[in-house]
Amino acid sequence: MFEAIVSASTFQDALDSVSVLVDECKIRLNEDGLAIRAVDPANVGMVDLSLDAAAFESYEADGGVIGVNLSRLEDIAGMAGSGDLIRLELDEETRKLHIRIEGLSYTLALIDPDSIRQEPDIPDLDLPANIVLEGNQLDRGIKAADMVSDHIRLRVDEEAEVFYVEAEGDTDDVDLEIPRDELIDLTAGPADSLFSLDYLKDMNKAIPGDAEVEIELGEEFPVKLHYELAEGQGQVTFMLAPRIQSD
Amino acid sequence: MFEAIVSASTFQDALDSVSVLVDECKIRLNEDGLAIRAVDPANVGMVDLSLDAAAFESYEADGGVIGVNLSRLEDIAGMAGSGDLIRLELDEETRKLHIRIEGLSYTLALIDPDSIRQEPDIPDLDLPANIVLEGNQLDRGIKAADMVSDHIRLRVDEEAEVFYVEAEGDTDDVDLEIPRDELIDLTAGPADSLFSLDYLKDMNKAIPGDAEVEIELGEEFPVKLHYELAEGQGQVTFMLAPRIQSD
Amino acid sequence: MFEAIVSASTFQDALDSVSVLVDECKIRLNEDGLAIRAVDPANVGMVDLSLDAAAFESYEADGGVIGVNLSRLEDIAGMAGSGDLIRLELDEETRKLHIRIEGLSYTLALIDPDSIRQEPDIPDLDLPANIVLEGNQLDRGIKAADMVSDHIRLRVDEEAEVFYVEAEGDTDDVDLEIPRDELIDLTAGPADSLFSLDYLKDMNKAIPGDAEVEIELGEEFPVKLHYELAEGQGQVTFMLAPRIQSD
């Protein structure tokens, strides 16, 4: 069984974090909250979302798994006003999810979870550098990099304690320098990796501008981005595989 | 002869109600106000607009008929600021309409009224149910229905005194339930009809969100939508033919 | 050498005035300020921009010339917030322009100035009529003319002291009449010329709505439009060749 009431904005933010990577996903209806893990078709980007029972107005579930079409679910959630509540109820017999928003009922046909790409195991990496900044700062670096290249380089200058977002184009270069005192926090360490800008742009779309983003970074290693939803009662982790640096 | 001065917003609202259905129309320049009746090329949707002389700052006419290109006329009206007045004057000899907005003059060539589709007779139907709601409520039902289907079902539950807006998609369903106490008024009666969503979406575009909309509804009968313009000095009626219900 | 600091909004306004006509241009880094002259590929529209050293927070140059890709430079300037400063520094050896905006560095490869179309000589015409109005008034006339034609006629009625913006379409006409008392200033004289609307629309895009625009006009002569940037410390002149009047 599954029955829950959640604020529209919390539900929308949670769905956004997954829909930037995949169109369909499995949702685990655990006793202590919702959980989604998904990987894009090319196996380059992953997302791990958990939304604690405490993030809901009310929450009851017993461990089932459902498969959903995310853009459908986002369209429905988009019918809610900013202060509205969304009521979710699973009909186990018909395998449909009933969604109610202020007098409006939507009956969503679910997808067979077995037909959805398997959930990834998100590896536990021990990455040497840890950068904490505002979503807006990351966004600025990504927009600047996008002017000149398809790739973006994230690195830490250990000695100077500076976080760099860089991109090299055919003729032009971009370089955003954020020293320790403009970061929320920095644990400097050997860290320098190159990433596909397309993926990072997609992930960035889901990150609220005022969110505190924690970046775990290594040398030619995947990057992990963490941020919170619903005043800390939801957690999102993105992981993105590195590109090989050609120079 | 025809000479009139009207506020830009009143004129724009009036034109919008017709242009959602047809590109060209006849305007009857009656002594007591403007009147437009039009039907779309497929004979599915009709509009009946009257704008009383009292809706104008000044109005003089003696019963002529002109043919106009509506999108042209809307573009010109769109040049006016929200508080501007629009001056209209018919040149009977050249068959041109002079439109003046704060120093700007536009000379609009008229269309031969005989070349425009004949004005429809809008039948006087005695429909059993009468629902009065806000434009915003209808808009919400139409947006929701549009997520799953090309058709929309409007019906009244006589006993429960509830107005329903419903749509059935291939896999998903939508259902907006508005009980009597959330409506402005309700005369319950046997009423259940299916309509083309495309037409209703077009009509809905012209209805201001805060307008009071009266819906006359029957069983597999056309629906009539009434709302007012210019603080009651203009009236719009839309009529839409039903689709046959397949189930 | 060239090193300067300028407010983002001043720099953006200056670039806009040139980019509406050409994609690449030469920038003269004179001792007393920046200067750009450019003509469109068809030799119909010209621009002459000067941005005085006083328009900058700091300015040092010794008379060099650089070639730039304007849309690139506009994209970079667009990364700045409205209150941000843009720091420009020329690296003479690498022929690159370093652009710094609040921690963000952009290295822009310059274009060989010899590969850019030659700067035009903007002729000193002694035009008989001089009209001074607000950018918004000119904008209104251009928008109205655009509804009916590809050409726009600017003329002065010397006796009545009225400035006219007119356009004749196949069936409809447009006519904006601005009498002397609604203009900022008027020196009446024999003036009546026809212009391509496309060019004037492009030039108009760069003119701020609240700018004071001075129009120099003659009979079948080019028109000159002057307006100021940066509180008078920048000057823009557009010149547009006339079209032959067919009637």
Side-chain angles (χ1 to χ4, degrees), chain A residues 131-157 159-186 188 192 194 197-198 200-201 204-205 209-210 213 215 217 247, chain C residues 2-9 11-12 15-16 19 23-27 65-116:
Chain A
I131 306 108
V132 186
L133 42 56
E134 269 205 12
N136 283 325
Q137 292 176 297
L138 182 62
D139 180 65
R140 190 155 178 258
I142 290 172
K143 279 216 178 74
D146 197 31
M147 288 196 285
V148 300
S149 179
D150 298 329
H151 293 87
I152 188 168
R153 183 179 176 190
L154 305 179
R155 72 179 178 91
V156 172
D157 180 327
E159 221 161 299
E161 301 207 308
V162 175
F163 174 57
Y164 285 97
V165 178
E166 298 172 336
E168 278 184 36
D170 290 335
T171 58
D172 297 353
D173 300 331
V174 147
D175 185 341
L176 176 63
E177 179 181 328
I178 315 181
R180 168 188 266 287
D181 67 347
E182 291 178 20
L183 294 166
I184 297 168
D185 199 9
L186 175 72
D192 187 345
L194 192 73
L197 198 45
D198 274 350
L200 208 57
K201 274 160 65 180
N204 181 49
K205 274 180 212 156
D210 60 355
V213 182
I215 303 177
L217 197 67
D247 52 4
Chain C
F2 170 60
E3 225 180 302
I5 302 176
V6 61
S7 83
S9 59
F11 196 54
Q12 288 162 349
L15 296 176
D16 284 350
S19 67
D23 297 329
E24 301 177 344
C25 71
K26 293 182 210 185
I27 305 183
V65 177
I66 58 174
V68 298
N69 176 320
L70 275 168
S71 61
R72 261 300 153 101
L73 203 49
E74 283 194 301
D75 284 350
I76 305 162
M79 290 292 299
S82 60
D84 286 352
L85 291 177
I86 298 180
R87 281 151 209 276
L88 305 163
E89 191 179 344
L90 177 64
D91 183 328
E92 309 257 12
E93 278 181 34
T94 59
R95 296 305 293 169
K96 303 219 171 188
L97 185 66
H98 293 287
I99 303 155
R100 285 188 193 81
I101 305 167
E102 306 283 314
L104 180 72
S105 302
Y106 191 105
T107 307
L108 177 75
L110 297 173
I111 300 171
D112 178 358
D114 293 340
S115 72
I116 295 177

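The chains referred to below are lettered A, B, ... by the order of the sequence lines, with proteins before strands, and numbering in each begins at 1. The figures here come from the full heavy-atom set of this structure, side chains too, leaving out hydrogens, waters and symmetry mates.
- A:D172 CG to C:I76 CD1: the interatomic distance, rounded to the nearest 0.5 Å, is 6.5 Å.
- With sequence neighbours excluded, the residues satisfying side chain to side chain donor-acceptor pair (under 3.5 Å) with A:N204 are A:D139.
- Other residues, nucleotides and ligands contribute at most 12 non-hydrogen atoms within 6.0 Å of the CG atom of A:D170.
- For C:R72, the part lying under 4.5 angstrom from a heavy atom of chain A is the side chain only.
- Between C:R87 and C:E3 there is no salt bridge, since no side-chain nitrogen of the basic residue lies less than 4.0 Å from a carboxylate oxygen of the acidic one.
- Among residues two or more places apart in sequence or in another chain, the side chain to side chain contact (heavy atoms under 4.5 Å, CB included) test is passed with C:T107 by A:D173, C:K96, C:H98.
- Within residues 142-152 of chain A, the residues having any heavy atom under 4.5 Å from a heavy atom of chain C are, by residue number, A:K143, A:A144, A:M147, A:V148.
- For C:E93, there are no salt bridge (charged side-chain N to carboxylate O under 4.0 Å, His left out) partners two or more places apart in sequence or in a different chain.
- The closest side-chain donor-acceptor pair between C:N69 and C:S71 falls under 3.5 angstrom.
- Interface remark: C:I101 contributes backbone and side-chain atoms alike to the contact with chain A (heavy atom separation under 4.5 Å).
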